[in-house]
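Please read the structure below before turning to the comments.
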Amino acid sequence: MNDSISRRDALRATALLGATSLLSLDDTLAAVSAPPKGKTPALSAADQAAIDAALGKKGTYNEAQATHLVGLPRNDLKMKIKGEPVPIAFGFGGWVAIKHTLDGKSAMLMSDTVLLQEEVNPLISAALAQGLEIGAVHNHFFYEEPRIFYMHIHGMGSPAELAQKFAAALKDSKLLPANQPQPAGAPAAAAGNNATPAAGPPTGKELFNLPALDKITGKQGTVNGPTYKYTVGRDDLQSLMMGTEMTAAIGLNSWAAFAGKQADAHIAGDIAMLEAEVNPVIKALRAHNLEVVAVHNHMLFDEPRMMFLHYYGRGPAAQLATGFRAALDQLGKAKAPGMKGAMKH
């Protein structure tokens with residue numbers, strides 16, 4: 001083996017060999033030492049339709065990131081934090097995303113699944129039986145009832161094949177869209193009914209001062225039912241996992257979700273960090289009285305190595321947003337070992 005290939009490169013090569021047995025060891029090591037460049041090939045309309053058909057739910061295609069994402073919210077659960085009800089959109093909505101590798105020869109599936117404790121190992125066994133792999137199992141919250149764990153599943157193959165394998169792994173799980181109830185307040189189909197619909201519960205637009213929060217964070221969020229959420233990618237670097245560019249739409253992002261109301265809010269979120277950024281982010285969050293809930297990986301064989309920190313807070317929304325902004329301000333200052341400079345998407 002070439003001495004210039006690091007142990008981490010060799011491990012990554014091993015994973016690649018498992019995903020593509022047609023490549024020789026030398027070919028795989030060459031791919032590792034010289035990551036592919038260029039733009040991720042688009043998923044075709046047929047690819048997107050096949051993914052939606054396999055999962056039984058229409059997803060969303062992010063054209064700029066060439067990624068198709070299907071949400072997997074746990075609408076069957078009634079969640080509480082410290083005894084107080086919180087919406088599923090606050091952080092209990094999983095997802096699965098599929099995109100091509102940079103060379104277009106394969107595709108990657110990445111997911112984040114929301115599980116009760118007793119559901120974790122049955123899903124591990126089901127995923128492994130389909131040839132998928134487990135990247136991480138961990139908590140995202142403290143104080144939640146019932147207790148929730150998050151499992152990241154990944155796999156390599158064609159888009160349709162990956163969606164079919166993932167759906168097969170979920171067939172006996174509440175995660176499969178067909179096994180989920182409609183979200184609370186979802187309008188029932190009423191053909192020919194021209195009556196004015198009754199006003200629904202307040203949304204994040206009414207519960208929060210969105211312009212004020214956007215000014216603090218320097219970002220623009222999205223209203224999702226009674227929540228308001230920011231999702232921020234890492235455009236200052238390029239992260240590759242097994243030949244696939246990891247971007248915001250496939251899980252490489254920092255986020256903050258607000259529930260409650262402007263004067264008395266909950267915040268929960270995740271910060272995507274280089275290893276050198278972990279402790280600066282922790283210090284920034286603690287300085288703003290936000291709780292650090294977990295620090296861990298979400299991916300395997302990613303370069304540069306990315307870590308994820310989950311946090312929680314309670315108080316006035318503006319104060320919580322200031323803490324989130326302070327954490328974001330720590331990103332992009334440190335470079336991963338061996339990086340010659342920041343790379344743009």
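It should be emphasised that the depicted structure is a prediction, and the values quoted were computed from it without experimental measurement. Excluded from the calculations below are hydrogen atoms, water molecules and symmetry mates; all remaining heavy atoms, backbone and side chain alike, are included.
Expressed to the nearest 0.5 Å, how far CG of L274 lies from CG of L331 amounts to 8.0 Å. Between atom CG of residue D235 and atom OG1 of residue T247 there is a gap of 9.0 Å, rounded to the nearest 0.5 Å. Taking CD1 of I267 as the start and NZ of K229 as the end, the distance is 12.0 Å to the nearest 0.5 Å. Note that CD1 of I124 and OG1 of T113 are 9.0 Å apart. Values are rounded to the nearest 0.5 Å.
Side-chain atoms of E84 and Y143 form no donor-acceptor pair, as typed in the model, at a separation below 3.5 Å. Judged purely by distance below 3.5 Å, without hydrogens or angles, the side chains of D214 and Y228 pair a donor atom with an acceptor atom. The closest side-chain donor-acceptor pair between H266 and Y312 falls under 3.5 angstrom. Of the N and O atoms on the side chains of D47 and S44, at least one donor lies less than 3.5 Å from an acceptor on the other residue. The closest side-chain donor-acceptor pair between E206 and T203 falls under 3.5 angstrom.
Within the 4.5 Å cutoff, side-chain heavy atoms of M151 are placed close to those of L123.
Residue-environment remark: NZ (K57) exceeds the threshold of 12 foreign heavy atoms within 6.0 Å. Counting non-hydrogen atoms of other residues, nucleotides and ligands closer than 6.0 Å to CD of Q117 gives a total above 12. Other residues, nucleotides and ligands place more than 12 heavy atoms under 6.0 Å from the CD atom of E118.
None of T67, N62, L69 except one satisfies the side-chain contact (heavy atoms from CB on, under 4.5 Å) rule with K99; the exception is T67. Residue M246 is tested with L240, L237, L252 for a side-chain contact (heavy atoms from CB on, under 4.5 Å); the sole match is L252.
Under a hydrophobic clustering in which Ile, Leu, Val, Met, Phe, Trp and Tyr are joined whenever their side-chain heavy atoms come within less than 4.5 Å, directly or via other members, F142 and V295 fall into different clusters.
Between H296 and H310, the ring planes lie tilted relative to each other; the angle falls in the 30° to 60° range. Classified by interplanar angle (parallel below 30°, tilted 30° to 60°, perpendicular above 60°), the ring pair H298/H140 is parallel. Between F90 and F92, the ring planes are tilted. Angles from 30° to 60° get that label.
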